[in-house]
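Note sheet for the following structure.
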Amino acid sequence: MSITYLEAIQAAQDRALAENEFVYIYGQDVGSFGGAFKATKNLAAKYPGRVIDAPISEDAMVGSAIGATAEGMRPILEMQFADFSTIAINQICNQAATQFWRTGIPCPITVRLPSGGTEGGGPFHSQSMEAIYAQYPGLIVLTPATVEDAYSMLLEAVTIDDPVVFCEHKYLYYHLKADQLPDKNLPVGKARIARTGKHATVVTYSAMVHEALRAADTLEEEGWEIEIVDLRSIKPIDTDTVLASVARTGRLLCVSEAFPWGGVNAEVISRVTSEGFHLLDAPPKRLNAKDTPIPFHPNLWKAHRPASQSIASSLRDLLRY
Amino acid sequence: MSITYLEAIQAAQDRALAENEFVYIYGQDVGSFGGAFKATKNLAAKYPGRVIDAPISEDAMVGSAIGATAEGMRPILEMQFADFSTIAINQICNQAATQFWRTGIPCPITVRLPSGGTEGGGPFHSQSMEAIYAQYPGLIVLTPATVEDAYSMLLEAVTIDDPVVFCEHKYLYYHLKADQLPDKNLPVGKARIARTGKHATVVTYSAMVHEALRAADTLEEEGWEIEIVDLRSIKPIDTDTVLASVARTGRLLCVSEAFPWGGVNAEVISRVTSEGFHLLDAPPKRLNAKDTPIPFHPNLWKAHRPASQSIASSLRDLLRY
Amino acid sequence: MAEAKIKGSKNKYCDSESRYRAAFRYMLLARVFEERTANLYRAGKIVGGVFMGKGQEAFSVGLALALDKNRGDVYGPLIRDQAGRLAFGEALLDAARTYLGSIEGPMKAREGNVHRGNIPMGIIPMISHLGSHISVVSGRLIGKRFCGQKDAIGGVCIGDGGTSTGAFHEALNQAAVEKLPLVVAVANNQFAYSTPTDRQFACDDLVDRAIGYGVEGHSIDGTDLSLCLDTFQKAATRAREGYGPQLVIGHLLRLCGHGEHDDASYISEKHKQGVFGRDCVDVAQQYLISSGWSNLAEIEQWTAEIQKEVEKATSCAQRESGPDPFQETWQALATTRLAEGNSTA
Amino acid sequence: MAEAKIKGSKNKYCDSESRYRAAFRYMLLARVFEERTANLYRAGKIVGGVFMGKGQEAFSVGLALALDKNRGDVYGPLIRDQAGRLAFGEALLDAARTYLGSIEGPMKAREGNVHRGNIPMGIIPMISHLGSHISVVSGRLIGKRFCGQKDAIGGVCIGDGGTSTGAFHEALNQAAVEKLPLVVAVANNQFAYSTPTDRQFACDDLVDRAIGYGVEGHSIDGTDLSLCLDTFQKAATRAREGYGPQLVIGHLLRLCGHGEHDDASYISEKHKQGVFGRDCVDVAQQYLISSGWSNLAEIEQWTAEIQKEVEKATSCAQRESGPDPFQETWQALATTRLAEGNSTA
Ligand SMILES: Cc1ncc(C[n+]2csc(CCOP(=O)(O)OP(=O)(O)O)c2C)c(N)n1
Ligand SMILES: Cc1ncc(C[n+]2csc(CCOP(=O)(O)OP(=O)(O)O)c2C)c(N)n1
Ligand SMILES: [Mg+2]
Ligand SMILES: [Mg+2]
């Protein structure tokens, strides 16, 4: 058996619906059509009335899910693309995220954001919005990089009593396969050492984990052992695991597919330099996408985002220091 | 003569309307009422038909301003509170910010965001959203801390050919006074040394500049000379000025009123540690608001945001290192 | 708006003596309480703002009395719904505590003034972004439908200005598609802050929007308590019987500033003398007396009782302490293990 | 939707021979071009997606021909408006270049497929977020009003699904308040991606929304080119004469998948055989022939010319180079001095 990242997301939702009668799915075209990416394939038929097509009303989609939680429901919302969640940002960040703090009543919604770039996606079907959401108090922001994490973290997201923004990467949907789904896995909030090494640490998440792994392969041929930390969750960030890795290697490169200003890379570098300054043998480095919208054309898109080559070259700079 | 920060904003708009027939102002209650804060007082009468009340439709407000620029107009939009700009975030970040890159046609809109906390403002009338906007390519984000900057930077914003998010601080509206408006001033993009010192650098912006100045006064009594960099613009950030200051002091504290995850503090620390690692004699520190929504009650609000006392205490820690 | 546009009519659906008397008492209670908060605000005892429902009490109470919290009904009030909140079942003390920053308040002084609610009781704690609470009420109805609780309905309040928000549109359309038992009460008080309705919409009457959503519409003189009680009762019954969302427009005038900081000098004499400028509390009082359902003496007695009640609530809230930042958890997450410290590193 | 709902009627406003012939030719050109892009997509020569306007050409062209770019009119097309774009004046080569990723395209290969426009010419370059371009068109009309250019109007396209967005509502309401000369064309093609209209709205006909915005409404069979030409001409004239926004609903059926990746198996036979299932190109062709305005031979000749035209445009675009990342400025700001480097520190 072989299962893709996308199938894992479908399977997690299938299991969540099966195990918890309070779970329902709401989003555009998620019903009998099974979603734009087929992440809810077969679920409407299997769970009649619980996988519901929404009008093109992202604000109302999220607002209604928030209300439903007060009746005990645990909605999963699918945004057709992460980029369209800007329409719902007020409900996510001001309504859902503030509710527990304001009232003491939890708001367990899961908002699935098909995120990140693919060839030909262009500026409005490619965004990585995790760091926008992470800035708001009251949200949990997950960024699974593996089939196993896509499955187990989505299942866990549904059980978490807070609003979860689940950033699944579209590029991994079909590209990534695993042999089977995990029975157990690291809990949300823990980072994972995706590869051990001793000369430098790459802290990254989501699709960039795989680019970093490829870069590490290249560097290995050059005699360098690169450690890769897959954050898995970017709010919270597992700072301990990051610091422990930097303590081992003394060098830090942060890689993210998001735009360069701020974001996960800046946050990780701030934490490491504030809390583990003395661990660093070289200035920390970061690699982001460029500071323009995400280009449509594959030539440009490939140059816009970090990739194994640019990661490898940043690593060489870092190691040379 | 004495002029407040708020009056400076009114005066800048007055002058922009007077000097450029293509400028108009659009926002809720900005017309004969003069705006919720009176930032457009008297302007509707003085410039008939050019200061226009908008319906409660932030998305359409910004969308229409974008369209108007294609006809040569240079609209100034007033959001009633920064917090309500979440409704317009799609137009600002996806429509306005991408236009020049997509088409080569500039989009000169100025979006005024009455930002930041005041006593009793609560979670939805107090937000500091600059770092949300700064993450998106294609925007310029200004955060004036002084009466002079409020005036000159707003005037300059209207002349800039890109969408400008102008984060004016409500707490400074009445609290801050100057003797007169400047004839000339530092251009947008340059940071300002608000106070010179040699033992540590505080990098900050907007209302926090004044808290930092007070903290520096306190520290001065203890024998420390604190340098304060007022960023003025947080996208772009004047990294050179920041690095030069850190080169002089060897110590960095970043202070922001925004939520703790990411944001300006993280971005500045990342730049300094990446580009000026060797300049630092101690780990960089940062001070933000707490990771909860902004509380209504003054007791809580004062504890939620950084203030002179907490800045002073962070500085003492930093100096002790 | 010409009177001919008023499409509501008294069907005596519910215009009973006891109901009317109860409604009036809530209106009076709200009025007296809000005047008290305005005084406290002017005396510097309330920070932030004070927002009053003066002139809107009849319309507000009309919706709330058509709801029954014991049946599971849900209520989404907005800034001018003190009367409705009380009628729905919010404790006066909750209001006083929230305004006065008592730590004992339902929002623990994290929130102030009108930003309060009681989720278990069915009162949505409004956020400021207008229109965004409507879909939250809808969501509760969706949740109840999932849980087999078929009997409950929702009532939600919005102003003329709030109808211009995308959130209003998305929510009303969504409710229509889902055929939810939702009563949407639009208090057209002629202004959104200082903005008159002709800068807010271009239709003759907002009730003209009903057909475009495929929902039932009602348009009434919102200063007439009988009409309000009656129309909302009718609308609530229609909703409960499965006829889907009900859009109820109440025409009235805000008899105060937007908040107590605003002198509302932009409201013209013509508006004040106009058909909706009358004070619904006066109108109701006259009706009570002329119908023989009450008399001046009794109303004076009520007023005296209410004044005591208000005095009791506000002085209690004032005696209570404010929040202590050192006792605060400073945690926005229910899942404590996933909360990041507020370390300032 | 019952036929009785069709409120449009042929007023022979503009149903002239030359106009009809021109319209038909644009429809044919769009159809042939889109079929070519679909083939190129299936051959792997186009990345991203291909979105076709099959079945909507008459409605699309109707709006565009009612606009006049030389008069300063503005056009806001959406994904199914290839026909309208061509009729408004977009060069076929622009479309081919954008689809095929040529660096010579109007968006310099930064953008693809339908995400193109020409701001100086008056074509709004749509972003993906549905509904958000409507207020942009309005803004251009506001700008023109400021500049004393009183004669121009705007035309903007949206689908049935797009009407559920808050942006649609805010923009239409804003246009009504500002009484802008804006024609809003809603192509109700019965589906939003896979979602049927009964999951999208609950009114009988979207034209029922007109009254609630205080705008004029028109509802027509969007498969009938005469009706489309006529209704849009009427609506455009009304807009130009100062009667404010015009809401035109065209009832029709999407005769293809949402995009070329979608086999649209969810569209039932009933829909396909239904009143809006007919192909507007066939309908128009029959009309041309039966009215004696053209004949099969001429149409075949047009088709041959068009095929050449399409071939020329696509092969030209295919021969051109794609973008070179090293030649890119990688700058999102017009104000170069304020651009931050893309340094990766
Ligand atoms: C989305 C949004 N934009 C702006 C505001 C600021 N604001 C608060 S109340 C108000 C006017 C509301 O008018 P209306 O809806 O008519 O209600 P009323 O105050 O008249 O009861 C405005 C503009 C807001 N709360 N939400
Ligand atoms: C705000 C927003 N949400 C979701 C989408 C994804 N999306 C693209 S096209 C589409 C369906 C559009 O349906 P309709 O408006 O009827 O136009 P049609 O495709 O039928 O022409 C959807 C949901 C989007 N583009 N914008
Ligand atoms: Mg109002
Ligand atoms: Mg459609």
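A quick note: this is a predicted structure, and the numbers were derived from the prediction, not measured. The figures here come from the full heavy-atom set of this structure, side chains too, leaving out hydrogens, waters and symmetry mates. By convention in this document, chain letters (A, B, ...) are assigned in the order of the sequence lines, proteins followed by strands, and residues within each chain are numbered from 1.
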Interatomic distance, B/Ile56 atom CD1 to D/Gln174 atom CD [nearest 0.5 angstrom]: 13.5 Å
Distance check, rounded to the nearest 0.5 Å: B/Ile160 atom CD1 versus D/Thr335 atom OG1? 6.0 Å
Is any side-chain heavy atom of D/Phe146 closer than 4.5 Å to a side-chain heavy atom of B/Phe22? no
Are D/Leu333 and B/Trp101 packed together at the side-chain level, in the sense that at least one heavy-atom pair is separated by less than 4.5 angstrom? no
For B/Ile237, is there any backbone N or O sitting under 3.5 Å from a side-chain donor or acceptor partner on D/Glu340? yes
Which residue out of B/Gln95, B/Met61, B/Gln91, B/Glu58 racks up the most heavy-atom pairs below 4.5 Å with chain D? B/Gln95
Please look at B/Arg271 and chain D and tell me whether the side chain, the backbone, both or neither of the residue comes under 4.5 angstrom of a heavy atom of that chain. side chain
Under 4.5 Å from any heavy atom of chain B, what part of D/His169 do you find: side chain, backbone, both or neither? neither
Does the side chain of B/Asp162 come within less than 4.5 Å of D/Leu338's, by heavy atoms? no
Within-4.5 Å side-chain heavy-atom neighbours: B/Asn94 and D/Ser132: no
Option from D/Arg110, D/Lys108, D/Glu111 for which side-chain contact (heavy atoms from CB on, under 4.5 Å) with B/Arg102 holds: D/Glu111
Would you compute the distance between atom CD1 of B/Ile105 and atom CG of D/Asn118 and round it to the nearest 0.5 angstrom? 8.0 Å
Within this structure, what is the CD1-CZ distance for the pair D/Ile119 and B/Phe100, rounded to the nearest 0.5 Å? 11.0 Å
Counting heavy-atom pairs under 4.5 Å with chain D, which one of B/Ala65, B/Ala68, B/Ala60, B/Pro187 comes out on top? B/Ala60
Are any of the side-chain heavy atoms of D/Glu178 and B/Ile52 separated by less than 4.5 Å? yes
Using non-hydrogen atoms and a 4.5 Å limit, figure out which bit of B/Glu21 sits close to chain D: side chain, backbone, both or neither. neither
Shortest non-hydrogen contact from D/Arg140 toward B/Gly67: CG-O, 3.1 Å
Where on B/Val62 is there a heavy atom nearer than 4.5 Å to chain D: the side chain, the backbone, both, or neither? neither
Out of B/Ala70, B/Pro106, B/Pro137, B/Gly189, return the one with the most heavy atom pairs under 4.5 angstrom to chain D. B/Ala70
Should B/Ile87 and D/Glu170 count as side-chain neighbours, where that means a heavy-atom distance under 4.5 Å? yes
Calculate, to the nearest 0.5 Å, the distance between atoms OG1 and CD1 belonging to B/Thr98 and D/Ile127 respectively. 6.0 Å
Under 4.5 Å to a heavy atom of chain B? For D/Arg145 that would be neither
To the nearest 0.5 angstrom, please state how far the OG atom of B/Ser64 sits from the CD1 atom of D/Ile134. 13.0 Å
Less than 4.5 Å to any heavy atom of chain D: does that hold for the side chain of B/Pro236, its backbone, both, or neither? both
Return the option, out of D/Ala171, D/Pro125, D/Gly143, D/Ser135, with the maximum number of heavy-atom pairs under 4.5 Å with chain B. D/Ser135
Looking only at heavy atoms, the pair that brings B/Val188 and D/Arg337 closest together is O-NH1, 3.0 Å
Proximity breakdown for B/Leu139 and chain D, heavy-atom pairs closer than 4.5 Å: backbone
